[in-house]
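Written below as structure tokens is the structure these notes are about.
Lettering of chains follows the sequences in order, A, B, ..., and the numbering in each one begins at 1. Just so you know, these numbers use all the heavy atoms, side chains as well, and skip hydrogens, waters and symmetry mates.
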Amino acid sequence: MITITLPDNSRKTFDSPPTVREVAASIGTGLAKAALAGKVDGKLVDLSRIIDHDARVEIVTEKSPEALDIIRHSTAHLLAQAVQRLHPGTQVTIGPVIENGFYYAFARKEPFKPEDLPAIEAEMKKIAAEALPVTRSVKSRDEAIRFFRDLGEEYKAQIIESIPANEELSLYTQGEFTDLCRGPHVPDTGRLKAFKLMKTAGAYWRGDSHNEMLSRIYGTAWLNDKDLKAYLTQLEEAEKRDHRKIGRQLDLFHQQEEAPGVVFWHPNGWTLWQQVEQYMRRVYRESGYQEVRCPSILDVSLWKKSGHWDNYKDNMFFTESEKRTYAVKPMNCPGHVQVYNDGLHSYRDLPIHYGEFGSCTRNEPSGALHGLMRVRAFTQDDGHIFCTEEQIESEVTAFHAQALAVYRDFGFTDIAIKLALRPEPRLGSDQVWDKAENALRDALRACGAQWEELPGEGAFYGPKIEYHLKDAIGRTWQLGTMQVDFMMPERLGAEYVDEQSQKRHPVMLHRAIVGSMERFLGILIEHHAGNFPAWLAPVQAVVLNITDAQADYAAQAADALARRGLRVRADLRNEKIGYKIREHTLQKVPYLLVVGDREREKGTVSVRARSGEDLGSMALSGFAERLEAETGPR
RNA sequence: GCUCACGUAGCUCAGUCGGUAGAGCACUUCCUUGGUAAGGAAGAGGUCACAGGUUCGAUUCCUGUCGUGAGCACCA
């Protein structure tokens, strides 16, 4: 007798051990039909799994949170099967589920090309239509290795060899195709309906750049066509928002061949930058930071002392003069320590806050460069706090509140917090790391924050809090950080005099809210799709005359608004009003001010919002007040 | 850095199975003075990324370099 407990705590008994499928059938035929897999005592299993003991059982259907992963994993197998049908001799390696889909990595002489995908996808649809049952079997290690070696699947055999000997090896077979897999899988290939192959790419075997390059095929898979379509639409939306494209359309910046990984900011883009910089400068000021400015090149000896030479020299640029070697700074912290060190500090001075819009240069690998998002020369809103251990918590708490306020002002409200813990290799003893990690935990707790911990992800000199922001189309970006550092002050000889007249090393906190200005502007561009709120827009309003007769009035109006500090231009070109409106609408200008004879007579402007909404005509000063109200608080 | 793909006018792209190139938009000039998303005409604009090679001849084929894109690796 087997007793099965269902999620609603009802029980069913079976005379002999039932399969998950039989349990589902005993509840209802509809459920049996909808079932994809099962959960036995919280563990995901196939429908065909025999339950040989009393257990809690849950039937996984499309409505279950686990359904997508199962479908994606099975679709990866479907891909591998199609590839082996069409391209015999291709070896399979791994095919995991990833965000929004899956991939399968293959070993073959000729990598797959995008042109190969339609035929493979068609074959996948064919196999899905065949509705091949997917069956699970168990083999011993040696049997499994022999099985795959006989098939010529050397990589699979290697994977098995790396699995601990005591683990059970399960194989999944659908038609002529068998793959090693933990499972579970859908009961038959007919359950895979909504998928699409997306792209091909090279990837190293086992993620190691010393190994051979495999050919990966990426795909996406969903529960139904509607979800698939929604996902593809979202990709299109992301493409439309691409900051490189909008950057060109709105004439914000450009990049060119002679300067890989660096940015030429155009007047519009630099105006946007300045709005952000001036805003952040006020944040520095209002939260007690003193702004400093440190040199870009410093003698290499300083970088040896700080530990950067050992840990980071491959990513640094060097330059020489008169037999001395200088490093172009990749980070601002050593510079700030020099400012701190120039003079004596009492414990009464602490905490000391230095802030800088520090330009850093890092020799990023060429393959990592990407528009504004990953550049070689960038500017950080970088701040360092020199404080005592006792002050860490209140400093972190204050920073936390500040960071959240900044994100809110820029239009980000969905923020996840992560705590990156000690990595390998690292500086300092475990004791010091315990202290640093716990200080951050205590501070987060004091803020009432929820966070996720990421073991091994910290910086070599200390753990860090990371702020991950979700943008308007649901992508997340890591922006701010707060790091505790017990090492750098000691290495660079930062000291203060305590109450007993003893010299001690302060703790150093590294913090940034927007991180790289370049990257932040890229994120802002994509988040707003170029439709910047008025306080950030490079041009806030354009005055448009209808005919030459109002040219003087239009120019005066634009001038009057500009003198109030608003970013306003006049477009006096001899073009029809519709033409000018179209052009400035495409330029995403928040307000268009149309002036004809009527407006000139009354000293008004007719206001058109970016959305196309007609806000009616208003006095010039009325419009100015309206725009100021919109931009004023920031 | 690795793999694959790509690089043609300011932008978006077409094209040449090897005989030195074309469209739309933008730009210039002229006409037009028009009330809320493209008025008309004419004109100018390209060393087809760069360097070699093959060829009577290369933008086209081959090799290399640089850059870009996607992914991988990297992101202290």
Side-chain angles (χ1 to χ4, degrees), chain A residues 98 103 105 110-116 198-218 239 242 244-245 248-249 251 254-261 303 306-316 330-331 333 362-371 373-376 378 420 423-427 457-462 464 478 483 485 487-488 510 515-516 519 544-551 572-587 592-599 606-610 612-615 617:
Chain A
I98 52 174
Y103 69 80
E110 286 286 306
F112 284 110
K113 293 187 176 143
E115 304 90 86
D116 299 324
M198 305 299 286
K199 57 197 165 196
T200 61
Y204 302 108
W205 167 234
R206 296 196 154 147
D208 186 330
S209 55
H210 300 294
N211 288 344
E212 59 272 51
M213 178 72 69
L214 305 175
S215 179
R216 267 190 201 174
I217 296 179
Y218 285 81
E239 208 170 305
D242 190 313
R244 294 164 299 186
K245 192 172 164 183
R248 203 178 302 116
Q249 282 165 355
D251 197 16
H254 88 268
Q255 295 177 286
Q256 66 187 44
E257 276 204 29
E258 292 84 348
W303 301 104
S306 69
H308 289 85
W309 175 265
D310 290 334
N311 287 284
Y312 204 62
K313 69 169 174 305
D314 289 347
N315 279 309
M316 289 163 69
M331 290 176 96
C333 30
R362 301 179 183 179
N363 192 7
E364 300 285 0
S366 57
L369 303 178
H370 178 88
M373 300 304 190
R374 189 85 178 265
V375 288
R376 289 194 173 134
F378 58 97
E424 295 294 345
R426 57 176 179 262
L427 295 176
E457 299 277 309
F460 73 90
Y461 49 76
K464 58 180 173 183
Q478 191 202 314
Q483 312 182 7
D485 180 358
M487 329 285 176
M488 190 91 63
H510 305 245
S516 152
R519 181 162 170 275
L544 313 173
N545 59 330
I546 288 173
T547 71
D548 287 346
Q550 308 91 33
L572 308 178
R573 290 175 304 170
N574 173 17
E575 296 289 353
K576 288 194 169 179
I577 192 69
Y579 180 92
K580 295 194 208 178
I581 284 176
R582 173 183 155 81
E583 197 157 286
H584 294 108
T585 302
L586 290 175
Q587 285 296 305
L592 301 183
L593 313 178
V594 176
V595 299
D597 286 337
R598 289 201 294 276
E599 287 78 10
S606 280
V607 183
R608 182 191 161 106
R610 182 163 49 197
E613 193 191 352
D614 182 1
L615 301 178
S617 70

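Base engagement by A:S606 is indicated by at least one non-hydrogen atom pair under 4.0 Å involving a base atom. Nucleic acid contact for A:K580: none, since no nucleic acid atom lies under 4.0 Å from a heavy atom of the residue. Among the atoms of the strands shown, base atoms are found under 4.0 Å from some heavy atom of A:D597. Using a 4.0 Å heavy-atom distance criterion, A:G207 is classed as a sugar-phosphate-only contact. Counting any heavy atom pair closer than 4.0 Å across all strands shown, A:R248 reaches sugar-phosphate atoms only and no base atom. Here A:P423 lies out of heavy-atom contact (under 4.0 Å) with every strand. Within the 4.0 angstrom heavy-atom criterion, base atoms lie near A:P365.
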Inset, instruction - Go through the steps for A:Y218 and A:I98 under the test side chain to side chain contact (heavy atoms under 4.5 Å, CB included), then give the verdict. - result: CA-CA 9 Å; A:Y218 285 81; A:I98 52 174; 3.7 Å; yes

Inset, instruction - For A:L586 and A:Q249, run side chain to side chain contact (heavy atoms under 4.5 Å, CB included): C-alpha distance rounded to whole Å, both residues' side-chain angles, the deciding distance at 0.1 Å, then the answer. - result: CA-CA 8 Å; A:L586 290 175; A:Q249 282 165 355; over 6 Å; no

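Counting to the nearest Å, the C1' atom of B:C75 and the CG atom of A:N363 are 13 Å from each other. The nearest whole Å value for the distance from the CG atom in A:L544 to the C1' atom in B:G35 is 11 Å. The nearest whole Å value for the distance from the CD1 atom in A:I546 to the C1' atom in B:U33 is 11 Å. Distance, A:E457 CD to B:C74 C1': 13 Å, rounded to whole Å. What separates CG of A:L586 from P of B:U12 is a distance of 16 Å, to the nearest Å. Counting to the nearest Å, the P atom of B:C75 and the CD atom of A:Q483 are 14 Å from each other. In this structure, A:D208 places its CG atom 18 Å from P of B:G1, rounding to the nearest Å. Residue A:K113 contributes atom NZ, which lies 9 Å from atom P of B:C6 at whole-angstrom precision.
B:G34 and B:U28 have their P atoms separated by 23 Å, given to the nearest Å. A gap of 15 Å separates the P atoms of B:G1 and B:G64, to the nearest Å. Between B:U29 and B:G67, the two P atoms lie 39 Å apart (nearest whole Å). Nucleotides B:U60 and B:C17 place their P atoms 13 Å apart, quoted to the nearest Å. Nucleotides B:A9 and B:A5 have their C1' atoms positioned 24 Å apart, rounded to a whole Å. Straight-line distance between the P atoms of B:A58 and B:C62: roughly 16 Å, to the nearest whole Å. Rounded to whole Å, the C1' atom of B:C56 lies 12 Å from the corresponding atom of B:G18.
Residue A:Q256 places its CD atom among more than 12 non-hydrogen atoms of other residues, nucleotides or ligands, all under 6.0 Å distant.
Phosphate contact (OP1/OP2 of B:G40, side-chain N/O of A:Y579, threshold under 4.0 Å): absent. Within the 4.0 Å cut-off from OP1 or OP2 of B:G35, not a single side-chain nitrogen or oxygen of A:R608 is found.
Counting atom types as modelled, A:R374 pairs a side-chain N or O with a base atom of B:C74 as donor and acceptor under 3.5 Å. In the interface, the side chain of A:D614 is not paired with the base of B:U36 through any donor and acceptor atom under 3.5 Å apart. A donor-acceptor contact under 3.5 angstrom links the side-chain atoms of A:E599 to the base of B:G35.
In this structure, B:G64 forms a base pair with B:C50, meeting either the Watson-Crick or the G-U wobble geometry with both donor-acceptor distances under 3.5 Å. Look at B:G22: its Watson-Crick or wobble partner, with both distances under 3.5 angstrom, is B:C13. Base pairing of B:U33 is not made with any nucleotide, judged by Watson-Crick or G-U wobble geometry with both donor-acceptor distances under 3.5 Å. With a cut-off of 3.5 Å on both pairing distances, B:A73 has no Watson-Crick or G-U wobble partner at all.
Closest heavy-atom contact between A:P330 and A:R362: O-NE, 2.9 Å. Here the closest non-hydrogen pair linking A:E364 and A:V375 is CG-O, 3.6 Å. The two residues A:R244 and A:H370 make their nearest non-hydrogen contact at NH1-CE1, 3.2 Å. Taking each heavy atom of A:E599 and A:G596 in turn, the nearest pair found is OE1-N, 2.8 Å. Pairing each heavy atom of A:L427 with each of A:M487, the nearest pair is O-CE, 3.0 Å. Heavy atoms only, all atoms of each residue included: A:M488 and A:C333 are closest at CE-SG, 3.9 Å.
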Inset, instruction - Going 5' to 3' through nucleotides 64-71 of chain B, assign each nucleotide B (protein heavy atom under 4.0 Å from a base atom), S (under 4.0 Å only from sugar-phosphate atoms) or - (no protein heavy atom that close). - result: --BSSSSB

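For the pair A:V595 and A:F112, both in contact range of RNA chain B, the more 5′-proximal nearest nucleotide belongs to A:F112. Between A:T585 and A:R573, the one whose closest nucleotide on RNA chain B sits nearer the 5' end is A:R573.
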